[in-house]
Amino acid sequence: MQEHVQLSQKKINDDLLAGVLGMPKWWLGAVGFLLLVIATGIGAYGYEINKGLGVTGLNRPVLWGFYITNFVFWIGISHAGIMISAILRLTQAEWRRPVTRVAEVMTIFSLMAALSNIMFHVGRPWRLFWVYPYDFSRGLFMNIRSPFVWDPSAVMTYLIGSTLFVYVALIPDIAVVRDRATGKFAPKIYGMLCLGWRGTPRQWKLQAIAGILLSALVLPVFVSVHSIVSWDFAVAIGVEGWHSTIFAPYFIIGAIHSGVSAVAMIMALAMWMWKLDNYLRPDHFDAIGRLLIVVATTWFFFFFVEWIFALYTLESPELALRELQVFQAPYMWLFLAFLLTSFFIPVPMWLFKSVRRSPGLMFLSTILVNIGMWLERFLIIIPGLARRQPLQFDWGSYHPSIVEILVVAETFAFVALGMLLFSKFFPIIPIFDMKEGMQVREEIKIGRRIVPASIRETP
Amino acid sequence: MASHNASGHNEEHHAEGMYVPFTSQREVVNDLVTKHDKISDKWLSGVAAAGFLLVLGVIGFVMRVNDGVSDRMVWAYYAMMFSFILTTASAAPMVAIAPRLANAHWRRPVSRVAELWSAAGIFSLLLFIPMLWILPPLTDGRRSLWFYNSDDPFFSKVPVYSPHIWTTAALLSLAALGIMLLWLSAMPDLALMREHSTGWKQKWSARLSGRWIGTTEQWNMLHHRMGIVGALYFMMLVFVHYLVSTDFLMTLVPGWIDSLYPLTHAANSLQAGVATVILTMFFLRKFGGYEDYFTLDQFWAMSKLLFALSLLWFWFWFSSFNVFWYGKKPSEQAVLKYLMVGSYQPAFMAGFILSFVTPLLVMMWNRVRKSFWGPTIMSVAVLAGTFFDRLRLYVAAWSYPGVGDYRVDKHEIPFDSIPAANMPGVPDVLIVLGVIGGAVLFYLLAARLIPPVSIWEQKELMLYKLHKAYHRTEVLVLGKPR
Amino acid sequence: MAENKWGMIVDIDKCIGCQACVVACQSENNIPINEEGHFNQRRAIEWIRIERYWEGEFPNVRARFVPVFCQQCDDAPCEPVCPVYATYHNSEGLNVQVYNRCIGTRFCANNCPYQARFFNFWEPEWPESLKNQLNPDVTVRSRGIMEKCTFCIQRIRRSTREAAKDGQEVEDGDRGMSPACVNACPTHALTFGNLDDSDSAISKQSKEELKQPAGSRPGGRGYHMLEHLGTHPNVVYLKKVDKTAEEHEVHG
Amino acid sequence: MIPGDFQVKKPTSKQLAIFGTLGVVGLGSFVAIALGLTWIVSAWLGMPVIFAHDQGPTQPIAFPHPTHVQDLGLDCTFCHRNVTEGAAATIPSAGLCLTCHQVVGDGLEQIENMREQVADDRPIDWVRVHRVPDHVHFVHEAHIRRFSGVKTVVEEWTDPNEQAGEIRLGEALRIDPSVSVGQTMEIAEAQVCSVCHGDVGSMATVEQVRPLKMGDCVDCHRDNGAPTDCTTCHY
């Protein structure tokens with residue numbers, strides 16, 4: 001392809017390690033700012049622990065609010081990592097190469113952020129460890145019937161799996177950094193981390209096998225995690241709008257929608273911040289844009305079916321809830337914003353090739369999607385609880401308090417900080433994968449047309 | 001597979017491996033056109049057998065017509081077979097569409113096999129015609145997704161037959177899109193037949209191939225149109241499953257409000273579609289003489305798809321089961337009892353084991369996936385599983401006596417008692433056989449008209465692959481356009 | 001020891017909406033004082049509350065009262081969702097809440113169709129003058145945990161123990177064994193007792209009142225709240241007997 | 001570093017100033033985060049600490065249990081009168097002390113102190129040694145009723161202070177000096193106390209010998225077929 005840039009190995013090393021071995025100007029500033037946000041968030045959380053959950057905007061009956069919304073959101077974001085890298089790796093899509101690590105690392109940090117939201121949410125976080133099986137002296141076990149036990153188990157499995165996944169793919173790159181790092185400790189630390197990588201054929205083979213195995217094993221976990229998150233809502237019969245069988249696939253596809261968007265967003269950011277124009281090419285954004293059209297449309301169909309069935313029940317609480325969501329302020333405005341930002345603005349944009357190939361516009365549209373998907377979770381959770389239902393004696397809404405806003409901002413800062421720190425210490429674009437990509441890249445001439453091709457081993 | 005020499009194909013290795021062992025496009029064309037021109041005894045006997053089954057089916061149908069159309073229960077097996085054809089044959093073209101959009105090279109010989117199944121879509125349309133009389137209109141007290149509710153001033157204006165109208169329209173467009181897809185993708189081949197065939201085939205292909213001469217513009221247009229028609233076909237397929245699963249199933253059973261089910265229905269049909277194509281591939285390889293084209297690679301790739309879709313089967317099933325089962329609402333429990341553990345338990349268990357458990361346990365082994373017999377046997381299992389799964393749902397829904405229970409209360413009404421299973425009678429068995437025979441007959445006839453292996457896609461592959469020396473070994477270079 | 005299955009009958013016909021049960025419950029169970037601020041924040045805690053339904057247009061307004069509290073469901077939706085078994089069904093048919101086990105996920109409250117569960121958003125506070133009236137037999141709940149009606153389990157425990165000391169088994173109303181609300185009700189709208197004991201007044205009455213109508217004979221007045229959810233509550237409500245009552249069941 | 005592999009530019013003074021400021025901001029944020037975390041930890045630690053499982057505390061009046069129990073042979077229930085009646089064992093009122101000490105123990109410093117306090121109407125501020133949290137309802141009466149009169153085999157005495165272990169029923173009987181190991185004995189009311197409280201009769205200062213944590217309660221309940229339903233104790 002015309003836009004494909006063939007780079008030498010040295011150039012790849014130089015470009016991708018510049019951030020790791022050097023220090024861009026903005027880096028400290030950004031880290032400082034994020035730390036400040038995190039500090040205020042933690043301070044707010046400390047205040048919440050000391051005073052009780054009364055400092056949040058939660059009330060009866062809106063007992064779940066920003067934290068759970070945020071939890072679902074981050075779990076959703078985390079899904080793109082595995083989705084992009086495992087599926088594309090298994091299907092051997094060439095364009096995945098520079099994208100995978102961004103996605104995987106985002107998975108890890110957003111999973112951590114999601115887990116921390118559970119901590120913010122519960123009334124007595126210092127007893128949170130009771131959901132894990134430890135308490136044998138009292139003869140008490142956690143209640144494995146509860147989705148809140150399935151949740152942490154699945155999320156922890158996913159976190160461990162995806163960390164391993166990232167790590168396995170990172171080993172050859174750490175070795176590259178090890179060989180180049182200066183100073184007293186850095187080479188030693190990188191040396192330990194890369195597990196004695198020397199790049200022998202056997203090591204490469206093992207690394208490749210491990211990568212494929214982990215991809216295949218992590219995929220079912222990835223599906224299970226968000227299904228389980230959706231069952232936090234769907235299995236409950238107490239809340240009308242939640243008891244719907246479509247929730248598991250609907251959440252998964254929504255998660256992929258928001259997650260892939262987040263990947264595009266972070267790709268654009270990484271491209272600008274670390275000057276990776278040679279690696280994250282317009283056709284990567286193009287590929288992600290096309291993927292997003294499919295994902296967004298599928299997601300919208302699920303959304304449509306969910307709504308149709310909600311109306312189809314003709315149950316008065318269900319109808320009242322939908323009315324609340326669509327026709328009553330403030331949910332009305334949020335709903336409008338949600339529809340526009342998550343589907344009706346970005347998808348028509350992506351239909352144009354010029355938009356898909358422009359990182360700036362992709363950045364903009366994917367930010368919109370993420371705003372929309374955050375609102376989607378909010379609109380599922382809060383109106384569902386605030387609805388007028390039988391025996392509901394307290395009518396009212398929910399307004400997040402400053403504490404909740406600070407804590408939610410903290411999770412965003414946390415993920416951003418995690419990504420920043422990671423990209424400072426490890427190459428954010430897989431060096432070995434890029435080099436491999438350069439090796440297997442070929443072109444075939446058919447008549448006057450030149451078609452991109454890739455080298456496969458003879459089967 | 002052994003490496004290729006640039007000088008010519010190696011006779012000993014041509015049975016296995018991914019890429020057809022022909023070196024020039026001419027060889028491919030000659031091979032395929034001759035194969036297609038010849039009328040084999042096997043094909044004739046296939047047509048005879050399928051025709052015989054179809055005749056049996058017509059006899060069964062006539063017997064049923066004598067029972068009249070007022071009792072929905074006697075038509076349960078007929079409805080189920082309609083859905084079975086919709087699930088298997090109409091979903092099969094997806095196997096052509098999705099990998100083509102993903103630009104996978106292994107699909108090249110497979111896509112036409114899959115597309116030809118849209119000929120059976122016409123058959124499903126024929127099957128649907130009697131159902132227009134059998135399906136209860138909305139005045140029967142049944143609700144529809146079109147919100148018929150006599151109390152409501154707005155929805156009471158909805159035509160009483162609106163589900164019929166919608167479903168007919170959707171089925172018609174599905175069949176039309178299928179034929180259009182088949183025609184589009186066959187166009188370059190028809191042009192080839194125009195040049196290379198003789199007799200009636202040449203005439204008919206000359207008429208259908210239009211003015212195809214293979215200019216770049218025509219090719220670009222073709223790819224573009226195939227992409228759009230394929231996407232539309234997929235959307236229409238999902239929509240048809242949505243309509244059929246709601247209007248033919250859920251509205252007939254009170255309390256069955258399972259928002260995931262339309263999608264489960266569609267996902268199951270993709271699984272069954274893949275199984276159908278694998279089975280067809282097997283027959284074409286075994287009896288059609290196409291063993292050069294349907295190689296291990298096709299079976300391997302298709303079996304991966306089948307495996308993934310079998311896992312999806314479980315996920316979709318469990319997602320809705322879990323919500324119903326955990327919630328413990330009496331109305332939902334009653335639905336579970338009726339459809340899963342009650343009268344139709346054997347059918348459910350058969351479906352569950354054949355559609356999910358067996359494929360999971362058997363196909364998790366790569367040695368099974370990468371073989372000819374493994375995927376074939378598994379597709380038979382999956383098709384049988386789909387059959388039983390459709391049986392327990394459609395027969396159960398169509399045999400449920402009191403549709404009218406739905407009308408008054410806004411709360412779902414739990415069953416007072418679980419009705420007994422509706423066992424098939426002689427006409428039902430005949431109908432089952434006849435419908436299967438009819439679909440196969442349509443396929444066989446269509447395969448007579450259009451080559452079952454896409455010639456132009458094989459030729460295209462020739463362009464995109466290249467063997468090349470690389471350091472001390474030889475590698476395959478595969479082009480991916482776009 | 002005979003199996004116990006505690007239950008309650010609420011006769012709506014007798015309820016006059018005087019809120020005596022609410023006050024009694026509040027003081028028996030160490031529930032923090034619900035001041036105006038708590039209601040405005042919508043964080044008030046009332047283990048038993050009187051639902052009030054208005055009927056008719058202005059001058060001819062009538063109020064109907066339904067006391068609502070934890071229904072001690074046999075198939076309680078709140079129980080399976082608790083990750084730590086802080087709420088579960090015990091052998092006496094009670095849906096119990098273990099305060100010290102609760103971590104405050106609030107899942108149970110979301111899943112309770114009766115809105116009978118309450119969360120402690122704040123550390124409870126009492127005026128100095130009221131601190132000495134706290135019931136020592138009832139745990140003071142700290143912030144961050146759920147609470148709800150217990151059928152005054154402390155009274156059940158004390159009475160059973162005292163009966164055991166005398167070598168007897170406890171009976172209805174014996175040794176003051178009734179929830180505080182039952183004791184406080186001036187019109188005897190509430191009846192408490194052992195549903196498994198076929199001789200007890202409550203089991204006889206509930207059997208009589210829950211009888212399905214057969215033929216021309218009318219059935220009883222009894223019903224369970226939100227019956228279509230299949231929660232199988234242990235609280236039986238008796239319909240109001242006047243003519244308009246049928247129009248206004250407390251279904252959703 | 002491989003020479004010439006890449007270059008890190010030297011920052012200008014302006015950049016240095018910016019970095020410096022930002023560095024300070026970052027450092028400040030670190031401190032703030034540390035403070036925040038400390039606050040969270042302090043909130044945890046600030047939760048009421050329940051178990052005082054260490055040295056016995058000094059009491060306002062050094063009441064010698066050995067003198068009363070071992071020398072005079074008084075039963076636990078003689079002073080802790082409610083123990084067979086209700087939930088709490090109760091500390092005897094000073095009035096009960098005075099039934100003897102009106103006349104006994106003249107000239108002993110502790111007793112004079114006690115008399116003085118009573119005369120001044122000052123309550124004696126006994127320090128509570130055994131305490132379970134508010135959400136645990138332990139009923140002495142039920143436990144005493146359950147075990148008094150139970151026949152069991154006397155077991156070898158293990159010093160709970162050394163082992164910090166549990167005292168089993170049979171061991172409790174060894175507190176009575178007249179019994180020997182292996183003999184079957186009926187447990188008296190006062191001996192039930194020592195199952196949890198140890199041989200208080202021989203303690204100069206009373207201390208907790210058993211952890212009295214929930215696992216401890218539950219084990220014993222399980223061993224003796226008592227209900228382990230949460231609401232047995234927690235309500």
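None of the values given here were measured: they were computed from a predicted structure. Chain naming here is simple, since letters A, B, ... match the order of the sequence lines and numbering starts at 1 in each.
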Count the heavy-atom pairs under 4.5 Å between each of Leu263(B), Thr216(B), Val238(B) and chain A, then report the option with the highest count.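 Winner by heavy-atom pair count: Leu263(B).
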
Sequence neighbours excluded, which residues qualify as salt bridge (charged side-chain N to carboxylate O under 4.0 Å, His left out) partners of Lys328(B)? Asp75(C)

Chain B contact via Leu291(A) - which portion, at a heavy-atom distance below 4.5 Å: neither

How about residues 219-230 of chain A versus chain B: which residues have heavy atoms under 4.5 Å apart? Val223(A), Ser227(A)

Assign the ring pair [X] / [Y] to parallel, tilted or perpendicular, where the plane angle (0 to 90°) is split at 30° and 60°.
X: Phe233(A); Y: Phe251(A); answer: tilted
X: Phe314(B); Y: Trp317(B); answer: tilted
X: Phe318(B); Y: Trp231(A); answer: perpendicular

Name the region of Phe316(B), side chain, backbone, both or neither, that has any atom closer than 4.5 Å to a heavy atom of chain A.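 Looking at Phe316(B), just its side chain touches chain A.
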
Indicate whether the side chain of Trp300(B) and that of Asn366(B) have a donor and an acceptor atom separated by less than 3.5 Å. yes

Only distances under 3.5 Å count here; give the side-chain donor-acceptor pairs of residues 292-306 of chain A to other protein atoms, sequence neighbours excluded, each with its distance to 0.1 Å.
| residue | atom | partner | partner atom | Å |
| --- | --- | --- | --- | --- |
| Thr297(A) | OG1 | Ile293(A) | O | 2.5 |
| Thr298(A) | OG1 | Val294(A) | O | 2.6 |
| Glu306(A) | OE2 | Arg322(A) | NH2 | 3.3 |

Show every donor-acceptor pair shorter than 3.5 Å between a side-chain atom in residues 235-244 of chain A and any protein atom, with sequence neighbours excluded, or say none if there are none.
| residue | atom | partner | partner atom | Å |
| --- | --- | --- | --- | --- |
| Trp242(A) | NE1 | Ile380(A) | O | 2.9 |
| His243(A) | ND1 | Ala234(A) | O | 2.9 |
| His243(A) | ND1 | Ala236(A) | O | 3.3 |
| His243(A) | NE2 | Glu332(B) | OE1 | 2.8 |
| His243(A) | NE2 | Glu332(B) | OE2 | 2.8 |
| Ser244(A) | OG | Ser259(B) | OG | 2.6 |

